[in-house]
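Everything quoted here is computed from the prediction, not taken from an experiment.
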Protein chains: 2
Amino acid sequence: MGWRLDHSGREVPGGSERSDAARNRRRILEVARGLFEERGVGEVTMEEISRRAAVGKGTLYRRYPNKGLLCQALLDEPTRHLQREVMEVLGRPDLAPREKLCEFLDRLVWFMEDNLDLLYGGHQALPPADRLAHPAYDWRRGTVLGLLREAVRRDELDPDLDVEYVATALLAPLEVELYHHQRRVLGISAGRISAGLRSLVPG
Amino acid sequence: MGWRLDHSGREVPGGSERSDAARNRRRILEVARGLFEERGVGEVTMEEISRRAAVGKGTLYRRYPNKGLLCQALLDEPTRHLQREVMEVLGRPDLAPREKLCEFLDRLVWFMEDNLDLLYGGHQALPPADRLAHPAYDWRRGTVLGLLREAVRRDELDPDLDVEYVATALLAPLEVELYHHQRRVLGISAGRISAGLRSLVPG
DNA sequence: GAATCAAGCGGACGCAAGTCCGCTTTAAGC
DNA sequence: GCTTAAAGCGGACTTGCGTCCGCTTGATTC
């Protein structure tokens, strides 16, 4: 008896995975990663992934209901890594909340940078509605919100500020589509985005 | 000899529309508006629109390459209205640039509010990449940018601020998907969004 | 090690998007 | 008003997503 991750990354109680299922999952992820790197997310069909993984389309779809969630699964490891890094920053007693926040936004930018193709996936990655409902988004927003509240508590921020809204708004420029547009279409550098974003942190 | 609008709203020189084409265009827009209002953008297929407008699918697609651009065409009038209103605000000599900016953001919020269904269209409206390349977005960003620069010129804003970036970032929370999420999923009021947004204007 | 049955599998199928190309209509020139 | 070529038309077709449901397989129990 163990824990499993459902397709949106939530942990779900349940018996452990059947061995054939586990084998197929590994094959799917391996094949998908390969094809995505080789030709780009947008140029690979679910059909092809299932064929190359020697698995039926139904099997692929049951585990990963769409290409976006398959990309998410590939992002699982990098995401955990980001979260570990951030936890570490949050624990540093020498940093004020505002500094922690800037640091956090910085790490997010680098995360975007490292994983932009999987995150964006030629319009075919996780659709925005799903993204905003995804636990990873809640985690980001919760982190920002916590830091803003902490700053208010320490009188480093106007207590009348609608921190709930500001948390959402600070993350908005990092929405994948916009980030991609800035980086790949307009050619803005990641550093400039980082800096601009930090300049928006209130206080 | 006259002017015509291409499917992304740009004016394009060319002979005036053939009469049959004009008739079909009117019928398509009329039918689409009706169906969208009746059942919601997401529940209507292009196929059905073409059938009900008594027009071939090819015809529909040549004029409106996808559902999003069809929605845009329906938003044409409201958009012009918004632009007229904004021009008026920008002309008022009694307002400081920062006040004009707040006013502008306010109007944008009300525009979103009035047209959310066509703008969002159950994930099937204009895809984000097209939206950011659309002249309507350029207009918004240009307006914000102009006001920020004016504020810098008048020493009402730190001259080291990356106004280019800030213009993008201020508009980011108004991206349709996020706005829709806040309004329809989280239930945040339009007024709260307006206020929150204004609080982010630097200076 | 046989029986059981839920979990897993996979390909045929349905659906809507978007393309293609031969046919029709319009309106401009004579 | 006839000719003509360019603009417009429209439905058959292709493609890829996602579903459905009868079959198979693996773990568990006795």
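Contacts of B/S50 with the nucleic acid, taken as non-hydrogen atoms under 4.0 Å apart, are absent.
Other residues, nucleotides and ligands contribute more than 12 heavy atoms inside 6.0 Å of the CZ atom of B/R27. Around CZ of A/R107, the count of heavy atoms belonging to other residues, nucleotides or ligands within 6.0 Å exceeds 12. No more than 12 heavy-atom neighbours from other residues, nucleotides or ligands sit within 6.0 angstrom of CD on A/E43.
Between A/L70 and A/I49, the closest side-chain pair of non-hydrogen atoms falls below 4.5 Å.
When the nucleotides C/dG8, D/dG10, D/dC17 are ranked by their closest atom to the side chain of A/R62, C/dG8 comes out on top. Side-chain proximity of B/M46 to the nucleotides D/dG18, C/dA17, C/dC9 is greatest for C/dA17.
The side chain of B/S19 contributes an N or O atom lying less than 4.0 Å from OP1 or OP2 of C/dA27. Put simply, A/N24 has a side-chain N or O that comes within less than 4.0 Å of OP1 or OP2 on C/dC9. At C/dC9, one or more side-chain N or O atoms of A/R63 fall inside 4.0 Å of OP1 or OP2 (strictly under the cut-off).
The 5' end of DNA chain C is approached more closely, in terms of each residue's nearest nucleotide, by B/V44 than by the other of B/V44 and B/R23.
Taking atom OH of residue B/Y61 and atom P of nucleotide D/dT14, one finds them 17 Å apart after rounding to whole Å. Taking atom CD of A/E48 as the reference point, atom C1' of D/dC17 lies 15 Å away to the nearest angstrom. Put simply, CG on A/L60 is 13 Å from C1' on D/dT19, counting in whole angstrom units. In this structure, B/Y64 places its OH atom 17 Å from P of C/dT19, rounding to the nearest Å. Here D/dC17 presents its C1' atom at 10 Å from NZ of A/K67, a figure rounded to the nearest Å. To the nearest angstrom, P of D/dG16 lies 17 Å from CG of A/N66. Taking atom CZ of B/R25 as the reference point, atom C1' of D/dG10 lies 19 Å away to the nearest angstrom.
Taking 4.0 Å as the cut-off between side-chain N and carboxylate O, B/E150 and B/R153 count as a salt-bridged pair.
With sequence neighbours excluded, no residue satisfies side chain to side chain donor-acceptor pair (under 3.5 Å) with B/R51.
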Let me have the donor-acceptor pairs involving side chains of residues 172-181 of chain A, under 3.5 Å, with sequence neighbours excluded, atom names and distances please.
from	atom 1	to	atom 2	distance (Å)
A/E175	OE1	A/R131	NH2	3.4
A/Y179	OH	A/E113	OE1	2.5

Throw together a table of side-chain donor-acceptor distances under 3.5 angstrom for residues 81-92 of chain B, partners on residues two or more places apart or in other chains.
from	atom 1	to	atom 2	distance (Å)
B/R92	NE	B/D94	OD1	3.4
B/R92	NH2	B/D94	OD2	3.1

Donor-acceptor list for residues 193-201 of chain A side chains, cut-off 3.5 Å, not counting sequence neighbours:
from	atom 1	to	atom 2	distance (Å)
A/S194	OG	A/D106	OD1	3.0
A/R198	NH1	A/D106	OD1	2.5
A/S199	OG	A/G196	O	2.6

Please list, pair by pair, any protein nitrogen or oxygen found under 3.5 Å from a nitrogen or oxygen in nucleotides 11-13 of chain D.
from	atom 1	to	atom 2	distance (Å)
D/dG11	O6	B/G58	N	3.2

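Overall, the helix from C/dG1-D/dC30 to C/dC30-D/dG1 carries an axis bend of 10° between its ends, with five pairs at each end and the value rounded to 10°.
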